[in-house]
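These notes concern the structure reproduced below.
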Amino acid sequence: MEDTNIFPPNVSVYRLSAEGETAVGVYLLIIGWLSCLGNGVVILLLVKQRHSLEPQDLLTLNLAVSDAGVAIFGYSRGILEIFNLFRDDGLLIKTIWTCQVDGFLIMLFGLISINTLTSISVVRYIKGCQPSYAHYNNHCNVAVVIVAVWLCALFWAGAPLVGWGSYTGILSLTCRASGSDSSVTTPITCTTRGADLTEEKQLVLCPPNCTLWRVSVFGSRVYAAVSSVCGAAVHQGVIRSSGGPVKVHKLQGRQNYLGSYSHGVQSQALSRWTASFTVAQSVHVPQEVSSQIATTVLPAPGPVKKTLKKPVKKMTTGGNRDCQMEIALLLDSSNNIGQRRFNLQKNFISKLAVMLKIGPNGPHVGVVQASDTPRTEFLLTNYTQPKDVVFAIKEVAYLGGNTNTGKAIMHTVESFFRTGVRRGHPRVIVVFIDGWPSDDLEDAAVLARESGINVFLVPVAKPALEELGMVRDKDYMKKAVCKDNGYFTYAIPSWFGTTKHVKPLAQKLCSVDQLLCSKTCYNSVNLGFLIDGSSSIGEGNFRLILDFITSVARSFDISDIGSRVGAVQFTYDQRMEFNMYDYPVKDDALRALQGIPYMSGGTATGDAVAYATQNLFLARKAGPGRNFLIVVTDGQSYDDVRGPALAAQKEGITIYSVGVAWAPMDDLQTMASEPKDSHTFFTREFTGLQQFQQPLVRGICRDFTEAN
């Protein structure tokens with residue numbers, strides 16, 4: 001078929017869905033053939049009575065013929081195109097009955113119908129209002145009028161065939177490319193994804209400068225449907241940065257989309273997606289379709305300056321810095337919930353993702369589905385913008401099966417949180433259950449708690465009293481959550497009208513201080529090291545002390561929202577080596593400990609304890625069992641240690657005393673917190689300090705657990 005891209009630049013094209021086209025086809029089929037039947041009956045009756053026809057009856061016969069022509073050549077072609085009955089381009093009918101011929105016939109019979117109706121109106125006017133001229137209403141004059149009507153219609157209908165005008169308006173209704181592979185160009189944006197397109201095969205028009213946007217592309221040659229169509233076209237080399245037409249062919253989903261760098265676009269790898277697409281160059285170069293009205297502007301005299309458009313920057317969000325956590329949304333995809341409520345569940349978590357203010361510096365979100373077998377839909381690092389997360393949630397497909405929530409929690413703990421987790425950030429599993437679970441949750445919940453993961457339970461439509469007999473474990477809600485204190489459960493009565501629950505649930509999740517299970521000793525304590533730098537130690541032994549305290553610090557998750565480390569060195573004086581806020585990155589903190597220079601001097605341990613209490617922990621307020629001071633010394637203090645140690649303990653600081661060589665046991669135990677034996681360590685040799693690393697870390701965790 002010839003090129004049917006007939007729309008000028010000032011035309012906006014709106015495409016019907018496949019269901020819409022079918023409805024239009026059925027409508028045309030009914031109306032068209034009823035019209036043919038009705039006009040055929042009129043023609044048959046008038047032909048049979050041709051010897052007794054009045055002059056105006058000839059006009060009626062002419063009108064019936066023209067209306068039947070419109071029905072045959074207008075409705076029929078549209079019906080055939082909509083139902084895609086011309087699949088073979090080699091058919092003789094497609095060679096003869098072209099779009100131009102179709103346009104000519106429709107316009108011809110349409111003009112004949114209009115002009116015939118006009119003639120009938122004139123005849124009726126003469127007969128009713130001007131009877132003195134009724135004698136002109138005879139067979140001869142009516143025949144002349146009919147011939148004139150046909151000649152006029154032939155002239156105007158045939159004009160486009162010789163280049164005078166076109167059949168644009170007519171062909172737009174009846175003549176298009178066969179099937180869903182339409183040659184009508186659909187303009188899209190740089191961020192339009194493959195999944196946004198409704199046709200299996202579609203011709204789209206990409207705008208220029210898409211490479212300036214941060215478009216997401218997943219795969220090579222075959223792209224995941226979540227990818228930007230224009231980004232994929234540039235990556236494939238189908239278009240350049242100037243944009244242009246692209247043929248898109250939608251495919252089924254697949255596994256192992258490969259990432260690669262091509263034509264200035266870096267595509268990402270993706271383990272699995274539910275739908276795919278390919279891109280190719282269009283056969284015909286289409287006109288640009290725009291909603292703007294085309295106008296002709298005369299050039300102004302003088303040189304013409306080119307105006308450069310500033311590239312449009314894609315708006316991104318850094319995220320809610322007060323809600324920095326790793327969140328796994330565990331969806332119920334079982335037979336209990338069904339397809340309809342599953343879609344409502346997806347709508348709810350989409351709103352929740354937006355409310356949480358996801359971003360690189362805020363919360364990260366991933367999705368896992370609970371069914372017979374759990375399935376990870378996307379990981380924490382796949383999408384860091386709310387729009388991308390919402391689109392990815394939209395693509396999640398319903399699975400069906402049993403509600404094996406315990407199995408899904410186990411999978412999330414053991415597999416999901418192994419990839420892309422930011423160190424030191426709280427980890428949360430939000431479990432949605434429609435009804436009740438099919439398996440046991442207790443073992444999975446224990447594993448989550450022991451792994452420092454907070455489990456929130458969001459039960460929707462909890463079992464009624466008459467349904468409790470079918471529930472495997474009636475206390476599953478108490479056993480599943482991080483702690484059975486009411487905070488980690490948020491019940492929703494129904495999936496309908498859930499918008500009002502989005503904000504309260506988001507506020508609960510972002511209350512970092514309430515996430516008890518993520519607050520382990522490893523990511524929640526403040527470690528202050530008070531290091532003896534007196535002359536009796538010496539440079540070599542001082543290095544052994546630094547190795548020891550570095551090994552202790554290495555056991556903890558040091559970060560800006562996790563554990564913190566600070567150090568003070570003392571002789572008669574005290575020197576702040578670095579405070580709790582100087583090194584929020586673990587590697588930097590460990591290097592800072594190793595790089596402390598040796599002071600040399602006397603020993604005033606009591607003043608050093610008082611200095612650390614007032615300066616090292618002052619800006620780092622914490623709850624009970626969070627602040628720890630590890631004192632490492634090798635000799636007798638020249639001042640009192642009891643008073644400063646008691647003052648420190650009243651401030652909530654737990655003191656561990658580590659003595660070497662000549663350090664008196666009385667001073668060590670006087671400084672140490674209760675019970676003295678478990679908070680005091682002593683060795684004769686500096687090389688023996690490393691044996692205290694594990695007992696000291698275990699002691700800190702024990703104190704933290706008991707206090708919290």
Side-chain angles (χ1 to χ4, degrees), residues 521 525 527-556 565-575 577 590 592-613 616 628-646 648-649 653-703:
C521 66
V525 298
L527 302 176
F529 294 103
L530 191 57
I531 309 164
D532 189 346
S534 60
S535 303
S536 57
I537 292 178
E539 184 72 38
N541 290 332
F542 186 76
R543 293 296 132 197
L544 292 175
I545 293 177
L546 296 183
D547 290 341
F548 166 64
I549 63 174
T550 302
S551 67
V552 173
R554 187 176 288 111
S555 301
F556 294 87
V565 173
V568 172
Q569 187 178 177
F570 70 94
T571 57
Y572 284 133
D573 297 319
Q574 304 86 35
R575 184 172 74 191
E577 300 294 348
L590 298 180
L593 286 173
Q594 285 287 344
I596 294 175
Y598 178 46
M599 286 178 63
S600 185
T603 306
T605 311
D607 287 346
V609 172
Y611 177 86
T613 303
L616 194 57
F628 293 87
L629 181 64
I630 295 95
V631 182
V632 184
T633 181
D634 80 325
Q636 176 76 47
S637 175
Y638 291 102
D639 59 359
D640 176 60
V641 297
R642 181 182 298 275
L646 290 175
Q649 292 169 27
I653 300 172
T654 302
I655 299 178
Y656 279 85
S657 300
V658 181
V660 190
W662 300 279
M665 185 60 71
D666 289 343
D667 281 1
L668 296 176
Q669 291 193 335
T670 298
M671 290 186 292
S673 296
E674 295 288 348
K676 302 292 185 179
D677 291 343
S678 60
H679 290 79
T680 304
F681 300 92
F682 178 78
T683 178
R684 289 292 180 185
E685 303 294 336
F686 284 91
T687 55
L689 285 172
Q690 284 297 338
Q691 65 181 309
F692 301 141
Q693 185 262 337
Q694 284 296 333
L696 182 56
V697 171
R698 284 198 296 267
I700 291 172
C701 286
R702 180 184 62 248
D703 292 340

Flag side-chain contact, heavy atom, 4.5 Å: [X] against [Y]:
X      : Y      : answer
Thr613 : Pro644 : no
Leu546 : Leu593 : no
Thr605 : Asp532 : no
Asp677 : Gln669 : yes
Cys701 : Arg698 : no
Pro597 : Arg575 : yes
Ile545 : Phe686 : yes

Could you tell me whether a side-chain N or O of [X] sits under 3.5 Å from a main-chain N or O of [Y], the two making a donor and an acceptor?
X      : Y      : result
Arg543 : Gln594 : yes
Asp639 : Asp607 : yes
Ser535 : Gly601 : yes
Gln649 : Met671 : yes

If you round to the nearest 0.5 Å, how far is [atom2] of [Y] from [atom1] of [X]?
X      : Y      : atom1 : atom2 : value
Arg554 : Asp547 : CZ    : CG    : 9.0 Å
Leu696 : Phe681 : CG    : CZ    : 5.5 Å
Ile537 : Trp662 : CD1   : CH2   : 10.0 Å
His679 : Ile700 : NE2   : CD1   : 9.0 Å
Ser657 : Asp667 : OG    : CG    : 9.0 Å
Ile630 : Ile549 : CD1   : CD1   : 9.0 Å

Who pairs with [X] by ring pair (Phe, Tyr, Trp, His ring centres under 6.0 Å), at least two apart in sequence or on another chain?
X      : answer
Phe570 : none
Tyr611 : none
Phe556 : Tyr522
Phe542 : Tyr598

Pairs involving residues 565-574, ordered by first then second residue, that meet side-chain hydrogen bond (donor to acceptor under 3.5 Å, both in side chains) (sequence neighbours left out):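 For residues 565-574: Gln569-Glu577.
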For residues 680-690, the side-chain hydrogen bond (donor to acceptor under 3.5 Å, both in side chains) pairs (sequence neighbours left out) are Ser551-Gln690
What class does the angle between the rings of Phe692 and Phe548 fall in, given that below 30° is parallel, 30 to 60° is tilted and above 60° is perpendicular? perpendicular
So which heavy atom on [X] is nearest to which on [Y], and how close?
X      : Y      : value
Gly659 : Leu668 : CA-CD1, 3.6 Å
Ile596 : Ala567 : CD1-CB, 4.0 Å
Val565 : Ala553 : CG2-CB, 4.3 Å

Any donor-acceptor N or O pair under 3.5 Å, side chains Thr603, Ser637: no
Starting from the C-alpha separation in whole Å, work towards a yes-or-no answer on side-chain contact (heavy atoms from CB on, under 4.5 Å) for Val609 and Val641. CA-CA 8 Å; Val609 172; Val641 297; 6.0 Å; no
